[in-house]
Enquirer: 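Pasting a structure below so you can have a look.
We use all heavy atoms of the structure for the numbers below, so side chains are in, but hydrogens, waters and symmetry mates are not.
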Amino acid sequence: MFDALKKLCWAGVFGVFSTGVAAQATVGFATLPPGSLLYAQASIIAKVIQDHSKLQVRVLGFGGDAPMFDAVNSQKADFLILDVGEVGDAYHGRKNWEGKAKPNLRLALTIYGFGMGPFVRKDSNIQTVADLKGKRVPSGWVQQTGNLPHSQAVLATGGLTYNDVVQVPAVNVVRAADDFKSGKLDVFFFAVGAPKVAEVAASVGGLRYLPLDVAPGAEANMKKIRTDYYFSTVNPAPHIAGIEKPTQVQTIDFVIGVGAHVKDEVVIEFVKAMRANKKDLVQAHPSFLQFDPDNAAKNQPSLPHHPGILKYYKEIGIWRG
């Protein structure tokens with residue numbers, strides 16, 4: 001069913017977006033599949049943009065990052081939402097994207113540091129990442145290759161690699177979460193605060209975020225996998241499953257990417273609407289409390305800004321590059 005839906009989306013996308021956005025009024029916004037936090041956030045952002053600009057935004061859910069990058073790189077979509085590390089790797093053609101560079105990708109806006117990491121059942125005897133040795137861990141990530149460095153970095157905080165665990169092939173994070181729920185996995189990786197995490201927690205009697213900062217040099221080991229990763233503190237909140245006390249979590253900046261083909265005025269209109277309407281974003285989802293409109297222009301060494309938005313940031317005085 002998903003394949004059929006994806007084909008239908010692609011047909012519409014090709015017809016509307018392949019000419020560089022018809023009249024620059026309707027734009028395609030690529031994101032992960034329904035159930036992921038990014039899909040929920042993309043839908044919220046799209047509504048805010050439409051309510052406060054002349055743009056019409058069509059949210060396009062894909063099974064993973066690879067088809068998202070392909071859509072924007074080939075001008076069949078215009079914007080995307082994902083972590084800066086994976087977008088940067090795709091732009092440069094390195095790591096997962098060696099020989100498959102996506103040179104059309106650019107940066108439009110930095111949203112905020114996005115908490116991610118490992119969840120286990122609340123009653124599990126797994127207390128640290130090191131305890132995952134010999135346990136069933138999702139691997140492979142056929143559709144969502146960006147989760148490979150994420151999961152490798154988590155394991156590294158406990159001094160482990162994939163050679164130390166039982167590797168269970170996974171398609172993407174949503175499917176892996178379902179596998180965990182059905183008892184096929186001992187741990188799953190997901191965004192902190194995602195609706196899917198709350199769904200899984202309700203079905204298995206509760207979850208617990210597996211601490212990453214207990215081993216000496218944990219953050220340094222994580223950064224060896226990807227320098228963009230860092231630790232930040234997440235506090236308990238009603239919408240966050242698995243976090244019962246202030247917790248250091250794996251964090252990476254999530255960004256709005258944009259195709260180099262998109263006209264300057266369209267990128268600027270998109271960003272201006274988002275920066276000016278944080279209140280509406282927060283009202284739709286509390287995760288946007290972390291969004292700082294003045295930090296939207298954050299310099300990300302791994303990914304160049306779209307030239308139009310860079311000029312705009314300099315003109316309004318928030319560029320600190």
Enquirer: Determine the minimum heavy-atom distance between Ala176 and Phe188, stating which atoms define it.
Expert: O-CB, 4.3 Å
Enquirer: Could you tell me if the side chain of Leu303 sits less than 4.5 Å from the side chain of His92, heavy atoms only?
Expert: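 The answer is no, as the side chains (C-beta and beyond) never meet within the 4.5 Å cut-off.
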Enquirer: On a heavy-atom basis, which atom in Met274 and which in Ile45 lie closest, and how many Å separate them?
Expert: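 Result for this residue pair: CE-CD1, 3.7 Å.
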Enquirer: At what distance, to the nearest 0.5 angstrom, does CG of Asn277 lie from CD1 of Ile49?
Expert: 8.0 Å
Enquirer: Going by an N to O cut-off under 4.0 Å, is there a salt bridge joining Asp292 and Lys278?
Expert: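 So Asp292 does not pair with Lys278 through a salt bridge.
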Enquirer: May I ask you to decide if the ring planes of Phe79 and Phe270 are parallel, tilted or perpendicular, using 30° and 60° as cut-offs?
Expert: parallel
Enquirer: Do Leu82 and Leu38 come within less than 4.5 Å of each other through their side chains, counting heavy atoms only?
Expert: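 SC-SC contact between Leu82 and Leu38 confirmed.
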Enquirer: Begin with the C-alpha distance, continue with both residues' side-chain angles, and end with the deciding distance and a verdict on salt bridge (charged side-chain N to carboxylate O under 4.0 Å, His left out) for Lys196 and Glu199.
Expert: CA-CA 5 Å; Lys196 188 68 176 182; Glu199 173 197 314; 3.1 Å; yes
Enquirer: Do other residues, nucleotides or ligands put more than 12 heavy atoms under 6.0 Å from Glu98 CD?
Expert: no
Enquirer: Taking atom types as modelled and ignoring hydrogens, do the side chains of His305 and Asn299 form a donor-acceptor contact shorter than 3.5 angstrom?
Expert: no
Enquirer: Among side-chain atoms of Gln300 and Asp228, is any donor-acceptor pair under 3.5 angstrom?
Expert: no
Enquirer: When you look at NZ of Lys133, are more than 12 heavy atoms from neighbouring residues, nucleotides or ligands closer to it than 6.0 Å?
Expert: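 Counting neighbours around NZ of Lys133, 12 or fewer heavy atoms of other residues, nucleotides or ligands fall under 6.0 Å, so no.
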Enquirer: Side chains of Arg320 and Tyr313, heavy atoms from C-beta outward: is any pair under 4.5 Å?
Expert: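 A side-chain contact is absent here, since even the closest heavy-atom pair is not under 4.5 Å.
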Enquirer: Run the side-chain contact (heavy atoms from CB on, under 4.5 Å) test on Val59 and Thr31 for me, step by step, so that the C-alpha distance in whole Å, both residues' side-chain angles and the decisive distance to 0.1 Å come before the verdict.
Expert: CA-CA 7 Å; Val59 176; Thr31 187; 3.7 Å; yes
Enquirer: In the single-linkage hydrophobic clustering (I, L, V, M, F, W, Y; side-chain heavy atoms under 4.5 Å), do Val137 and Val166 co-cluster?
Expert: no
Enquirer: Report yes if some heavy atom in the side chain of Gln250 is under 4.5 Å from a heavy atom in the side chain of Val154; otherwise report no.
Expert: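 Gln250 reaches Val154 side chain to side chain.
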Enquirer: Has Arg226 got more than 12 heavy atoms of other residues, nucleotides or ligands less than 6.0 Å from its CZ?
Expert: yes
Enquirer: Considering all heavy atoms of both residues, which atom of Val200 and which atom of Phe180 are nearest to each other, and what is their separation?
Expert: CG1-CD2, 3.7 Å
Enquirer: Spell out, yes or no, whether Val174 and Leu148 are grouped together once hydrophobic residues are joined by side-chain heavy atoms under 4.5 Å, including indirect joins.
Expert: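 Val174 clusters together with Leu148.
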Enquirer: Let me see the working for Tyr229 and Glu219 under side-chain contact (heavy atoms from CB on, under 4.5 Å), right down to the final yes or no.
Expert: CA-CA 8 Å; Tyr229 291 132; Glu219 188 169 20; over 6 Å; no
Enquirer: Would you compute the distance between atom CD of Glu315 and atom CD1 of Ile268 and round it to the nearest 0.5 angstrom?
Expert: 7.0 Å
Enquirer: Taking all heavy atoms of Tyr162 and all of Ser151, pick out the closest pair and write down the distance.
Expert: OH-OG, 2.8 Å
Enquirer: Are any non-hydrogen side-chain atoms of Gln50 and Arg58 less than 4.5 angstrom apart?
Expert: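 Contact flag for Gln50/Arg58 side chains = yes.
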Enquirer: Given side chains that start at C-beta, do those of Ile318 and Arg275 come closer than 4.5 Å, heavy atoms only?
Expert: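 SC-SC contact between Ile318 and Arg275 confirmed.
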Enquirer: Can you tell me if NZ on Lys272 sees more than 12 non-hydrogen neighbours from other groups inside 6.0 Å?
Expert: no
Enquirer: Please step through side-chain hydrogen bond (donor to acceptor under 3.5 Å, both in side chains) for the pair Tyr112 and Asn295, ending with a clear verdict.
Expert: CA-CA 8 Å; Tyr112 59 77; Asn295 199 43; over 6 Å; no
Enquirer: Indicate whether the side chain of Thr145 and that of Asp65 have a donor and an acceptor atom separated by less than 3.5 Å.
Expert: yes
Enquirer: Using a 3.5 Å cut-off and no angle test, enumerate the donor-acceptor pairs between side-chain atoms of residues 114-127 and protein atoms at least two apart in sequence or in another chain.
Expert:
{"residue": "Lys122", "atom": "NZ", "partner": "Glu244", "partner atom": "OE2", "Å": "3.0"}
{"residue": "Ser124", "atom": "OG", "partner": "Ile126", "partner atom": "N", "Å": "3.0"}
{"residue": "Gln127", "atom": "NE2", "partner": "Ser124", "partner atom": "O", "Å": "3.3"}

Enquirer: Carefully, step by step, assess Lys298 and Asp253 under the rule salt bridge (charged side-chain N to carboxylate O under 4.0 Å, His left out).
Expert: CA-CA 10 Å; Lys298 181 178 179 180; Asp253 287 338; 2.6 Å; yes
Enquirer: Is it the case that one hydrophobic cluster holds both Leu155 and Ile225, taking links as side-chain heavy atoms less than 4.5 Å apart, direct or via other members?
Expert: no
Enquirer: If you take all heavy atoms of Arg94 and Ser302, which pair is closest and at what distance?
Expert: NH2-CB, 3.4 Å
Enquirer: Mind checking the CZ-NZ spacing from Arg175 to Lys184? Nearest 0.5 Å is all I need.
Expert: 9.0 Å
Enquirer: Give me the atom names and distance for the closest heavy-atom approach of Ala218 to Leu212.
Expert: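 The answer is CB-O, 3.1 Å.
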Enquirer: We want to know whether His285 and Gln41 form a side-chain donor-acceptor pair, criterion being a heavy-atom distance below 3.5 angstrom.
Expert: no
Enquirer: Look at the side-chain heavy atoms of Ile, Leu, Val, Met, Phe, Trp and Tyr, link any pair under 4.5 Å apart, and say whether Val282 and Ile111 land in one connected group.
Expert: yes
Enquirer: If hydrophobic clusters are built from ILVMFWY residues whose side chains come within less than 4.5 Å, do Val249 and Leu132 share one?
Expert: yes
Enquirer: For a side-chain contact (heavy atoms from CB on, under 4.5 Å) check, start with the C-alpha distance between Leu80 and Leu105, then their side-chain angles and the critical distance, and finish with the verdict.
Expert: CA-CA 9 Å; Leu80 63 82; Leu105 301 179; 4.0 Å; yes
Enquirer: How many angstroms lie between atom OG1 of Thr247 and atom CZ of Arg208, to the nearest 0.5 angstrom?
Expert: 11.0 Å
Enquirer: Do Ser53 and Val48 come close enough that some side-chain heavy atom pair is under 4.5 Å?
Expert: no
Enquirer: Have Asp83 and His150 got a donor and an acceptor in their side chains that come within less than 3.5 Å?
Expert: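 Distance-only check fails for Asp83 and His150.
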Enquirer: Are any of the side-chain heavy atoms of Phe189 and Trp141 separated by less than 4.5 Å?
Expert: yes
Enquirer: Please lay out, stage by stage, how Leu55 and Thr26 fare under the test side-chain contact (heavy atoms from CB on, under 4.5 Å).
Expert: CA-CA 6 Å; Leu55 298 177; Thr26 302; over 6 Å; no
Enquirer: Might you work through the salt bridge (charged side-chain N to carboxylate O under 4.0 Å, His left out) test for Asp51 and Lys47, ending with a clear yes or no?
Expert: CA-CA 6 Å; Asp51 287 348; Lys47 184 179 186 307; 2.7 Å; yes
